[in-house]
Asker: 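The structure that follows is given in the form of structure tokens.
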2 protein chains.
Amino acid sequence: MTSNEDRKRAEEEDRRGRIVEAADRLYYSRGFSSVSMDELRDEAGVSLRRLYKLFPSKDDIIIATLRKRRRVWAEGIAEYVDAVRSPRDKLLAVYDFLAGWFCEDDFRGCGFVNAFAELGAVNTDVADLVREHKAHFQRDLARLVEELGAEPSLAAQLAILAEGAQTTAAVTGDPGAAGHARAAAATLIDAALDVDARQAA
Amino acid sequence: MTSNEDRKRAEEEDRRGRIVEAADRLYYSRGFSSVSMDELRDEAGVSLRRLYKLFPSKDDIIIATLRKRRRVWAEGIAEYVDAVRSPRDKLLAVYDFLAGWFCEDDFRGCGFVNAFAELGAVNTDVADLVREHKAHFQRDLARLVEELGAEPSLAAQLAILAEGAQTTAAVTGDPGAAGHARAAAATLIDAALDVDARQAA
DNA sequence: GTAGATCGAGAACGATCGTTCTCGGATCAG
DNA sequence: CTGATCCGAGAACGATCGTTCTCGATCTAC
């Protein structure tokens, strides 16, 4: 009996996952308000009834897609950052991750920034989630910058580069923005270390 | 008779301007799809009938607001860039302009990026206009970088900084992003000039 | 002054949206 | 097998949207 309930729970979780994936595909590629629930139902291959049983409202699905996207971002970044040793390489790995992402054919900028632009002013939950995500990213950079032994403002500069690369790549369609951001980051890192060394002397 | 027609033409242009200003206020602060034509009518203080006589559709108003915003951006940038002499100062003036903008209480990021995020995938005219605007900005930077005598890739890096500063300031609400971007820009400019000087030697 | 154009206010229209409800069939427990 | 429960397909609902139309008032030209 319990195993039966477990199976149901797993099935439900599986379907939730498929719905969120379908929703993210549609929302990310076309925006939130231009995708109807009917369209999401078709893409996810579930009935409207089940859709609303698993997610009480469209806003809940939107939040779920952003949460999923947050996990995917964290894993993607970690894959690149954990692959190298030095704090400097780890910081630069961020832009290597971006370079790979920008080359995907469905790339359309930062999903969080897009969500913030479209819904941030009218949906507090979305705005908060986006703010949290960006703050988390900046904290990650700040930690690496601290390990590197550079001033904290370097982290803010590197975050701005990553942010600008995403927007630039999205609008111009040129994945090369990642390379430019990486080169700029390397210059800034080295300059920050030079300054620190000079101040120590 | 002709003067009468001129007066009418001027009145019409005046009203078009007020409508675009009202629309830009609403669209920029809350997004495009969440502002109805009824709301715009109230904000602009005109009748729905006149609204549709002056602009055949909501999409036309959206495009008009973006065109207006493009002019305002160009004038704002020029005000800062033209005030200083050297190419280096002119490049840095861009971030001073951003710093002032970020401090306005209604600042909510780059209106073009927001438009691209919300409508770019479903409205070709919007996407094209945003792309054009960003390309124009990058050309302006490239011209200054050339005057400076640095490699062209510096312009791409500076554009990414400006882009990232806007997004970061919008999401975090911290106007300090402009200062960080400016400091990074100064470092990148000086590094580029050092490299060029070293290569020339 | 008056016919005709023009206008504002807002009702009306048709489409679309998010959400709920209906109903006939499948599923499951006992 | 049987009664109850759950489900999918899609109709239905109420709200909202972009857009057009109505109608009575106002203005204009002569």
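Convention: sequence-line order gives letters A, B, ...; per-chain numbering from 1. Quick caveat: nothing in here was measured; it's all calculated off a predicted structure.
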Asker: Output the distance between atom CD1 (B:I19) and atom CZ (B:R16), rounded to the nearest 0.5 Å.
Answerer: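 Spacing of CD1 (B:I19) from CZ (B:R16) equals 8.0 Å.
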Asker: In whole Å, what is the span from the CZ atom of B:R15 to the C1' atom of C:dT6?
Answerer: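 So the CZ-C1' distance, B:R15 to C:dT6, works out to 11 Å.
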Asker: What is the distance, rounded to the nearest whole Å, between atom CG of A:L26 and atom C1' of C:dC17?
Answerer: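 Rounded to whole Å, this separation is 16 Å.
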Asker: Round to the nearest Å and state the distance from A:D42 atom CG to C:dC17 atom C1'.
Answerer: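 Between C1' of C:dC17 and CG of A:D42: 15 Å.
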Asker: Taking A:D24 as the fixed residue, which of A:K68, A:R69, A:R108 is the one that meets the salt bridge (Lys or Arg N to Asp or Glu O under 4.0 Å) rule?
Answerer: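 With A:D24 as partner, A:K68, A:R69, A:R108 yield a single salt bridge (Lys or Arg N to Asp or Glu O under 4.0 Å), made by A:R69.
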Asker: What pairs of nitrogen or oxygen atoms, one from the protein and one from nucleotides 18-20 of chain D, lie under 3.5 Å apart?
Answerer:
unit_1: D:dG18; atom_1: OP1; unit_2: B:K58; atom_2: NZ; d: 2.4
unit_1: D:dG18; atom_1: OP2; unit_2: B:M37; atom_2: N; d: 2.8
unit_1: D:dT19; atom_1: OP2; unit_2: B:Y52; atom_2: OH; d: 2.9
unit_1: D:dT19; atom_1: OP2; unit_2: B:K58; atom_2: N; d: 2.9
unit_1: D:dT19; atom_1: O5'; unit_2: B:Y52; atom_2: OH; d: 3.4

Asker: Treating A:T65 as the side-chain partner and A:I62 as the backbone partner, does any N or O pair qualify as donor plus acceptor under 3.5 Å?
Answerer: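 Here the side-chain-to-backbone pair exists.
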Asker: Rounded to the Å, how far apart are B:E39 CD and D:dT16 C1'?
Answerer: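 My rounded result for the distance is 12 Å.
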Asker: Between A:Q157 (side chain) and B:A183 (backbone), is there a donor-acceptor pair under 3.5 Å?
Answerer: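 No.
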Asker: How about A:T168 and B:Q138: do any of their side-chain heavy atoms sit closer than 4.5 Å?
Answerer: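 SC-SC contact between A:T168 and B:Q138 confirmed.
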Asker: D:dC21 C1' sits how many Å from B:R50 CZ, rounded?
Answerer: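 Spelled out: CZ on B:R50 to C1' on D:dC21 is 17 Å.
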Asker: Does the side chain of B:D106 come within less than 4.5 Å of B:R25's, by heavy atoms?
Answerer: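 Heavy-atom side-chain distance check fails, nothing below 4.5 Å.
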Asker: Measuring to OP1 and OP2 of C:dC7, would you say a side-chain N or O of B:K53 lies under 4.0 angstrom away?
Answerer: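 For B:K53, the contact criterion (side-chain N or O under 4.0 Å from OP1 or OP2 of C:dC7) is met.
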Asker: For A:F107, does its backbone N or O pair with a side-chain atom of A:Y28 as donor and acceptor, under 3.5 Å?
Answerer: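 Not a single qualifying donor-acceptor pair exists.
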Asker: Given atom CG of A:L40 and atom P of C:dT16, what is their separation to the nearest angstrom?
Answerer: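 In whole Å, C:dT16 P and A:L40 CG are 18 Å from each other.
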Asker: Does any residue of residues 121-129 of chain A have a heavy atom under 4.0 Å from DNA chain C, and if so, which ones, in number order?
Answerer: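 Residues of residues 121-129 of chain A that come under 4.0 Å of DNA chain C do not exist, since none gets that close.
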Asker: Between B:E147 and B:K90 (salt bridge meaning N to carboxylate O under 4.0 Å), is one present in this structure?
Answerer: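 Salt bridge between B:E147 and B:K90, a charged N being under 4.0 Å from a carboxylate O: no.
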